[in-house]
Chemist: 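Would you mind keeping the following structure in view while I ask a few things?
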Amino acid sequence: MKTISALILAAALAPAAYAGSSAVDALGPARAVPVPEASPAPERMPDIDFFRYFGYAQAPEGEALEPAYMKGVNEPLYTVALEPIKNAYLKPSVGFTAAGGVRVYVSGTKASNCPDGGNSCADKEKFFLVLTTDSGESFFVRAMEVLNWGIFMSGSKTVIIGGEKYVVKVYANASTPENSKLEIKGPRGTALNATLKQIGDAVAAKGVDIRLSRAYKLAYGNEIVQGPQGGKFTSKMLVLLIPYPVVDASTYYIFSTAEIKPEGTAFPAFEKGYGFSLRGGKLGIYAL
């Protein structure tokens, strides 16, 4: 009986021992299971507003002034006829000549909304380059779509002006965003090479000089909105007051002409002690 029991126990243990021996032999005495090396985390694009030189819009809330109050003020400090300066900022000194001698002006501006039509996006998503011909035709180029920056972004847009193709690109400068360069290439080579600072300064220079507590340039033009099909003008008219000289990442102010009453409107969040009126297409600015 003892012999039989020993034989049964040996038979039961033999397969396990044999399997274990095979596993050790297969690996070898000095081998180990290889461990894959950790992959480096992919680089992330820093959140930089390359178009901050064009400033950040603020729309102050208006307060209607009582007619009796306005009667007590002196003559306006400024009277600006708006129609002659309508959309003048779209034709700054920066530009190029296309086929047939067509002059193309290049400006920069921001839409009042985001690419999806809403308002929950960074300001850089609202920025447009606008190419305007001397006949008044405008081409909207959303800046983030043509931004080029290392391995992160590579974009361009082709616009057709006078039957010719022009490719628009912006080459980003992360350390000094205002020195990022706009390049426009056409059938005869580079048509334009300018920094965003040069464009921003040229746009602001088209405004009317206004001095309140500080110096401003006053501009007037149609509101721009964007959607899946790109940018477009609306019938809504805006007055803009841009601090001048232009300073990187400054605040500029937007006023809807519909909010400026003939009897007078104040914007305390903008400049205390001043009132605005709009009569017969003329904007008056008063010291209150």
Chemist: Can you name the residues that form a ring pair (Phe, Tyr, Trp, His ring centres under 6.0 Å) with F140, not counting sequence neighbours?
Modeler: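 With sequence neighbours excluded, F140 shows a ring pair (Phe, Tyr, Trp, His ring centres under 6.0 Å) to F233, given in chain and number order.
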Chemist: Where is the tightest heavy-atom contact between T132 and S138, given as atom of each residue plus distance?
Modeler: OG1-OG, 3.2 Å
Chemist: Give, for atom CG of L288 and atom CG of L65, the distance between the pair rounded to the nearest 0.5 Å.
Modeler: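 With rounding to 0.5 Å, CG (L288) is 6.0 Å from CG (L65).
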Chemist: Taking N148 for the side chain and G155 for the main chain, is one N or O donor matched with an acceptor at less than 3.5 Å?
Modeler: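 Between the backbone of G155 and the side chain of N148 there is a qualifying donor-acceptor contact (under 3.5 Å).
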Chemist: Would you kindly confirm whether F270 and V80 end up in one hydrophobic cluster when ILVMFWY residues are joined by side chain heavy atoms under 4.5 Å apart?
Modeler: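 Yes, F270 connects to V80 through the hydrophobic network.
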Chemist: Y105, Y220: one ILVMFWY side-chain cluster at the under-4.5 Å cut-off?
Modeler: no
Chemist: Report the C-alpha distance between D201 and K217 in whole Å, list the side-chain angles of each, state the deciding distance to 0.1 Å, and finish with yes or no for salt bridge (charged side-chain N to carboxylate O under 4.0 Å, His left out).
Modeler: CA-CA 11 Å; D201 289 347; K217 287 285 189 176; over 6 Å; no
Chemist: Under the side-chain hydrogen bond (donor to acceptor under 3.5 Å, both in side chains) test, which residues partner N173, sequence neighbours left out?
Modeler: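 Listed in chain order: S175, T176.
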Chemist: Heavy atoms only: give me the nearest T79-P76 pair and the separation to one decimal.
Modeler: OG1-CG, 3.4 Å
Chemist: Got a salt bridge between R188 and E164, using NZ or NE/NH1/NH2 to carboxylate O under 4.0 Å?
Modeler: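 Salt bridge present between R188 and E164.
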Chemist: Can a donor-acceptor pair be found, under 3.5 Å and without considering hydrogens, that links the side chain of E259 to the backbone of G62?
Modeler: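 Confirmed, E259 side chain pairs with G62 backbone.
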Chemist: Test: disulfide bond (SG atoms under 2.5 Å apart). Region: residues 228-288. Which pairs qualify, not counting sequence neighbours?
Modeler: none
Chemist: If you group Ile, Leu, Val, Met, Phe, Trp and Tyr by side-chain heavy-atom gaps below 4.5 Å, do Y244 and L212 land in one group?
Modeler: no
Chemist: I'd like to know whether T265 forms a side-chain contact (heavy atoms from CB on, under 4.5 Å) with L278, so could you lay out the CA-CA distance, the side-chain angles of the two residues, the decisive distance to 0.1 Å, and finally the verdict.
Modeler: CA-CA 9 Å; T265 304; L278 185 57; over 6 Å; no
Chemist: Between K126 and N113, is any pair of side-chain heavy atoms under 4.5 Å apart?
Modeler: no
Chemist: May I have the step-by-step check of side-chain hydrogen bond (donor to acceptor under 3.5 Å, both in side chains) for E223 and S112, ending in yes or no?
Modeler: CA-CA 7 Å; E223 175 194 43; S112 61; 2.9 Å; yes
Chemist: Nearest 0.5 Å, please: how far is CZ in R211 from CG in L77?
Modeler: 12.5 Å
Chemist: Treating K232 as the side-chain partner and Q229 as the backbone partner, does any N or O pair qualify as donor plus acceptor under 3.5 Å?
Modeler: no
Chemist: Quick check on side chain to side chain contact (heavy atoms under 4.5 Å, CB included): which of L129, N87, I224 does T109 satisfy it with?
Modeler: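 For T109, the side chain to side chain contact (heavy atoms under 4.5 Å, CB included) check succeeds only for I224.
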Chemist: Counting only N and O atoms by type, is there a donor-acceptor contact under 3.5 Å from the side chain of T234 to the main-chain atoms of K236?
Modeler: yes
Chemist: Can you give me the closest heavy-atom contact between A174 and W149, atom names plus distance?
Modeler: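 Where A174 meets W149 most closely, the heavy atoms are CB-CZ2, 3.4 Å.
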Chemist: Write out all pairs satisfying ring-ring contact (aromatic ring centres under 6.0 Å, His included) with one or both partners inside residues 183-206, taking only residues at least two apart or from two chains.
Modeler: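 ring-ring contact (aromatic ring centres under 6.0 Å, His included) check on residues 183-206 returns no pairs.
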Chemist: Rounded to the nearest 0.5 Å, what separation is found between the CG atom of L147 and the CE atom of M153?
Modeler: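 Here the interatomic distance stands at 5.0 Å.
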Chemist: List the steps, then state whether side-chain contact (heavy atoms from CB on, under 4.5 Å) holds for L218 with I85.
Modeler: CA-CA 9 Å; L218 185 149; I85 65 169; 3.8 Å; yes
Chemist: For E125, check salt bridge (charged side-chain N to carboxylate O under 4.0 Å, His left out) against everything at least two apart and list the hits.
Modeler: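 E125: salt bridge (charged side-chain N to carboxylate O under 4.0 Å, His left out) contacts with R142.
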Chemist: With a 4.5 Å heavy-atom cut-off, do V130 and V106 have their side chains touching?
Modeler: no
Chemist: Once ring pair (Phe, Tyr, Trp, His ring centres under 6.0 Å) is applied, do any residues pair with Y171, and if so which ones, sequence neighbours excluded?
Modeler: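 Counting only residues at least two positions away or on another chain, Y171 forms no ring pair (Phe, Tyr, Trp, His ring centres under 6.0 Å).
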Chemist: Would you indicate whether the side-chain heavy atoms of I161 and V104 approach each other to under 4.5 Å?
Modeler: yes
Chemist: F276: which residues meet the ring pair (Phe, Tyr, Trp, His ring centres under 6.0 Å) condition with it, sequence neighbours left out?
Modeler: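 With sequence neighbours excluded, F276 shows a ring pair (Phe, Tyr, Trp, His ring centres under 6.0 Å) to F255, F267, given in chain and number order.
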Chemist: Once you round to the nearest 0.5 Å, how far does CD1 of I210 lie from CD of E271?
Modeler: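 Going from the CD1 atom of I210 to the CD atom of E271 covers 11.5 Å.
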Chemist: Quick check against the 3.5 Å criterion: does R279 have a side-chain atom that pairs as donor or acceptor with the backbone of P262?
Modeler: yes
Chemist: Which residue pairs pass the disulfide bond (SG atoms under 2.5 Å apart) test with at least one member in residues 105-164, sequence neighbours excluded?
Modeler: C114-C121
Chemist: With hydrophobic residues grouped by side-chain heavy-atom distances under 4.5 Å, do V94 and F96 end up in a single group?
Modeler: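 Hydrophobic grouping puts V94 with F96.
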Chemist: Do F128 and V141 have side chains that approach each other closer than 4.5 Å (heavy atoms only, starting at C-beta)?
Modeler: no
Chemist: Quick check for you: to the nearest 0.5 Å, what is the distance between L196 atom CG and N179 atom CG?
Modeler: 8.5 Å
Chemist: Report the C-alpha separation of I242 and Y253 in whole Å, then their side-chain angles, then the decisive distance to 0.1 Å, and conclude whether the side-chain contact (heavy atoms from CB on, under 4.5 Å) test is met.
Modeler: CA-CA 7 Å; I242 306 161; Y253 301 89; over 6 Å; no
Chemist: Does anything in residues 158-261 pair up under disulfide bond (SG atoms under 2.5 Å apart), and if so which pairs, sequence neighbours excluded?
Modeler: none
Chemist: Has T133 got a side-chain atom pairing as donor or acceptor with E137's backbone, closer than 3.5 angstrom?
Modeler: yes
Chemist: Determine, step by step, whether E178 and T195 satisfy the side-chain contact (heavy atoms from CB on, under 4.5 Å) criterion, reporting the C-alpha distance in whole Å, the side-chain angles of both residues, the deciding distance to 0.1 Å, and the verdict.
Modeler: CA-CA 7 Å; E178 66 271 24; T195 67; over 6 Å; no
Chemist: How close do I48 and P177 get, counting heavy atoms only, and between which atoms?
Modeler: CG2-CG, 4.2 Å
Chemist: Tell me every residue that passes ring pair (Phe, Tyr, Trp, His ring centres under 6.0 Å) with F127, counting only those two or more places apart in sequence or in another chain.
Modeler: F51, F54
Chemist: From S277 OG over to L283 CG, what is the distance, rounded to the nearest 0.5 angstrom?
Modeler: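 The distance works out to 7.0 Å.
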Chemist: If you look at every heavy atom in Y274 and S213, which pair is closest and at what distance?
Modeler: OH-N, 4.0 Å
Chemist: Linking Ile, Leu, Val, Met, Phe, Trp and Tyr through side-chain heavy atoms less than 4.5 Å apart, which residues share a cluster with V167?
Modeler: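 V167 clusters with nothing; isolated.
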Chemist: Which pairs with one or both residues in residues 254-288 pass disulfide bond (SG atoms under 2.5 Å apart), sequence neighbours excluded?
Modeler: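 Output for this query is empty, none listed.
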Chemist: Applying the 4.5 Å side-chain criterion to the ILVMFWY set and letting contacts propagate, would L90 and Y166 be lumped into a single cluster?
Modeler: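 Cluster IDs for L90 and Y166 match.
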Chemist: Provide the closest heavy-atom pair for S180 versus V170 in the form atom of the first, atom of the second, distance.
Modeler: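 Nearest pair, atom of S180 first, then V170: CB-CG1, 4.3 Å.
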